[in-house]
Trainee: 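This is the structure, below, for whatever I ask next.
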Amino acid sequence: QVQLVESGGGLVQAGGSLRLSCTTSGRTFGRYAMGWFRQAPGKEREFVASITFSGGSTAYADSVKGRFTISKDNAKNTGYLQMNSLKPEDTAAYYCAADQSVARFNDYDSPRSWGQGTQVTVSS
């Protein structure tokens, strides 16, 4: 497992942008796939995006496709989620996750390492 710390959440108006960061102090970040999940009050956690350990392949939930971009800088031990054209329905706590298997990043499985979450609130 790896220790993950998210940052970059906040309050933004609809149509605005935010960039979330996920940092680990470990030196093996390059061996891990990473991704983002979110959970709104009263709703189940949902998969948002994932990226393979090398950064060569990405996947997105249909609800964010074309608006969000996931990326990973192994040299900086940091992953990112660039969120554009934000909508009120994007309001949620966003969690960074990491696992050596990218197959765990979906709505039916669970990566083995998690951050503490960062709140994103989009006002209308």
Trainee: Looking at Phe47, Tyr95, Tyr94, which one forms a ring-ring contact (aromatic ring centres under 6.0 Å, His included) with Phe37?
Mentor: Phe47

Trainee: So which heavy atom on Gly8 is nearest to which on Leu18, and how close?
Mentor: O-CD2, 3.8 Å

Trainee: Does Phe53 have Arg31 sitting over its ring (NZ/CZ under 6.0 Å from centre, angle to axis within 45°)?
Mentor: no

Trainee: Would you sort out whether Ile70 and Tyr80 count as a side chain to side chain contact (heavy atoms under 4.5 Å, CB included), showing the intermediate values?
Mentor: CA-CA 6 Å; Ile70 189 171; Tyr80 305 96; over 6 Å; no

Trainee: CD of Gln100 to CZ of Arg112: how many Å apart, nearest 0.5 Å?
Mentor: 7.0 Å

Trainee: About how many Å separate CD of Glu6 and CD of Gln119, when rounded to the nearest 0.5 Å?
Mentor: 12.0 Å

Trainee: For the pair Asp107 and Arg45, find out whether any cationic side-chain nitrogen is under 4.0 Å from an anionic carboxylate oxygen.
Mentor: no

Trainee: Could you tell me if Lys76 sits above the aromatic ring of Phe29, with its cationic atom closer than 6.0 Å to the ring centre and no more than 45 degrees from the axis?
Mentor: no

Trainee: Please report the shortest heavy-atom distance between Arg104 and Ser110, naming the atom on each side.
Mentor: NH1-O, 3.3 Å

Trainee: Counting heavy atoms not belonging to Gln39, are there more than 12 under 6.0 Å from its CD?
Mentor: yes

Trainee: Between Asp62 and Lys65 (salt bridge meaning N to carboxylate O under 4.0 Å), is one present in this structure?
Mentor: yes

Trainee: Would you give the length of the straight line joining atom NZ of Lys72 to atom OG1 of Thr52, rounded to the nearest 0.5 angstrom?
Mentor: 7.5 Å

Trainee: Is the backbone N or O of Lys87 less than 3.5 Å from a side-chain atom of Asp90, with the two atoms forming a donor-acceptor pair by type?
Mentor: yes

Trainee: For Ala103 and Asn106, which heavy atoms make the closest approach, and how far apart are they?
Mentor: O-ND2, 2.8 Å

Trainee: What's the spacing between Ile51 CD1 and Ser57 OG if we round to 0.5 Å?
Mentor: 8.5 Å

Trainee: Please check if any side-chain donor atom of Thr24 sits under 3.5 Å from a side-chain acceptor atom of Asn77, or the reverse.
Mentor: no

Trainee: Return the minimal non-hydrogen interatomic distance between Val102 and Ser50, and the atom names on each side.
Mentor: CG2-OG, 4.1 Å

Trainee: Please examine the side chains of Leu20 and Met83, heavy atoms only from C-beta on, and report whether any two atoms are closer than 4.5 Å.
Mentor: yes

Trainee: About how many Å separate OG of Ser85 and CZ of Arg67, when rounded to the nearest 0.5 Å?
Mentor: 7.0 Å

Trainee: Can you check whether Val2's main-chain N or O pairs, donor with acceptor, with Ser113's side chain at less than 3.5 Å?
Mentor: yes

Trainee: The test is side chain to side chain contact (heavy atoms under 4.5 Å, CB included); show your working for Cys22 and Met34 and say whether it passes.
Mentor: CA-CA 9 Å; Cys22 175; Met34 66 153 291; 4.3 Å; yes

Trainee: Looking at Pro88 and Ala14, what are the two nearest heavy atoms and their distance?
Mentor: CD-CB, 4.1 Å

Trainee: Within a strict 4.5 Å, meaning less than it, do heavy atoms of the Trp114 and Leu4 side chains meet?
Mentor: no

Trainee: Heavy-atom count check: over 12 atoms from other residues, nucleotides or ligands less than 6.0 Å from Glu44 CD?
Mentor: no

Trainee: Here's a test for you: under side-chain contact (heavy atoms from CB on, under 4.5 Å), which of Thr91, Val120, Val64, Leu81 qualifies with Arg38?
Mentor: Val64

Trainee: Do Thr69 and Tyr60 pass the side chain to side chain contact (heavy atoms under 4.5 Å, CB included) test, and can you show the C-alpha distance, the side-chain angles, and the key distance before you say yes or no?
Mentor: CA-CA 8 Å; Thr69 302; Tyr60 297 91; 3.8 Å; yes

Trainee: Taking the six-membered ring for Trp and the single ring otherwise, decide whether the centroids of Phe68 and Trp36 are under 6.0 Å apart.
Mentor: no

Trainee: Work out which heavy atom in Pro111 is nearest to a heavy atom in Phe105; give both atom names and the distance.
Mentor: CG-CE2, 3.5 Å

Trainee: Dump the intermediate steps for side chain to side chain donor-acceptor pair (under 3.5 Å) on Thr78 and Asp73, then the final yes or no.
Mentor: CA-CA 5 Å; Thr78 302; Asp73 187 336; over 6 Å; no

